[in-house]
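Written out below as structure tokens is the structure these notes cover.
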Amino acid sequence: MESLKPVKVYIGIGANWGRRLETMRQAMSLMSQFCDVTRSSPVYQSQSWGYTDSKPYLNAAIEASTSIPPQVFLVHLRNIEVYLGRGKVDRQAGSGGYTGRLIDLDLLLYGDHTLESTRLTVPHPLIRNRRFVLQPLCDLDPELIHPIWNNSLADLLYDCSDPGLLDKKYENLD
């Protein structure tokens, strides 16, 4: 497979079960096996989004550089989730599509590339609706332009209708 020119990618990371911060840090460390992790945003705590759950989430964003295609990148992220136990307790925390997570890794942005397939859509289609995603992204690069909506991340955050409150818990995942 031909490698691509390195691109900057942004990954959303979250957890609301188990040792949340430790698991998030372990996931970031595992990512360094297939990409160059450059930095992480502050870590925020928020209430669950999309379902009722008593356990709050920790959320952050990670900036990295990679030369592997987005579909392969996604496979690596899913492998980390499985390795760290996603799926073992996720089903206990809700119903339907949104459940609690030991770890959740989402490929949010892959350079200025766009892709829509049955397995992957980049940019992530719900970025503009989730304050817990937009705030960490803005902490990393508020002037970054979204490749579909042609707005800066800061503008998307300003216009975000998600009423969820965020509580900054840690400066980063390091």
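Heavy atoms only: backbone and side chains are in, while hydrogens, waters and symmetry mates are out.
- Not a single salt bridge (charged side-chain N to carboxylate O under 4.0 Å, His left out) links Glu116 to another residue, sequence neighbours left out.
- Contact of the Asp106 side chain with the Leu126 side chain is not registered, since no non-hydrogen atoms from C-beta on lie closer than 4.5 Å.
- Sorted by first and then second residue, the side chain to side chain donor-acceptor pair (under 3.5 Å) pairs involving residues 32-43 (not counting sequence neighbours) are Thr38-Glu63, Arg39-Glu63.
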- Item | CA sep, side-chain torsions, deciding dist, call: Asp155, Trp149, side chain to side chain contact (heavy atoms under 4.5 Å, CB included) | CA-CA 10 Å; Asp155 288 341; Trp149 300 310; over 6 Å; no

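- A search for salt bridge (charged side-chain N to carboxylate O under 4.0 Å, His left out) contacts involving Asp167 returns Lys169, not counting sequence neighbours.
- The side-chain heavy atoms of Thr114 and Ile148, taken from C-beta on, include a pair separated by under 4.5 Å.
- If you take CD on Glu22 and CG on Leu84, they are separated by 10.0 Å, rounding to the nearest 0.5 Å.
- Counting only heavy atoms from C-beta outward, the side chains of Arg128 and Asp159 never approach each other to under 4.5 Å.
- Under the side-chain contact (heavy atoms from CB on, under 4.5 Å) rule, Ser46 has a single partner from Asp162, Leu166, Leu165, Asn16, which is Leu166.
- Side-chain N or O atoms of Ser29 include none that pairs as donor or acceptor with a backbone N or O of Arg25 at under 3.5 Å.
- Considering only residues two or more places apart in sequence or on other chains, Arg20 meets the side-chain contact (heavy atoms from CB on, under 4.5 Å) condition with Ala15, Gln45, Pro56, Leu58.
- Among residues at least two apart or in separate chains, side chain to side chain donor-acceptor pair (under 3.5 Å) pairs with a member in residues 69-79 are Arg78-Glu81.
- At least one side-chain heavy atom of Ile13 sits less than 4.5 Å from a side-chain heavy atom of Leu173.
- Contact of the Ile11 side chain with the Met31 side chain is registered, since non-hydrogen atoms from C-beta on lie closer than 4.5 Å.
- Annotation: ring pair (Phe, Tyr, Trp, His ring centres under 6.0 Å) contacts involving residues 150-174, sequence neighbours excluded, are absent.
- Between Asp139 and Tyr44 the shortest side-chain heavy-atom distance falls below 4.5 Å.
- For the pair His146 and Pro123, the minimum side-chain heavy-atom distance is below 4.5 Å.
- A donor-acceptor contact shorter than 3.5 Å links the side chain of Arg131 to the backbone of Cys160.
- Counting only heavy atoms from C-beta outward, the side chains of Trp17 and Thr23 never approach each other to under 4.5 Å.
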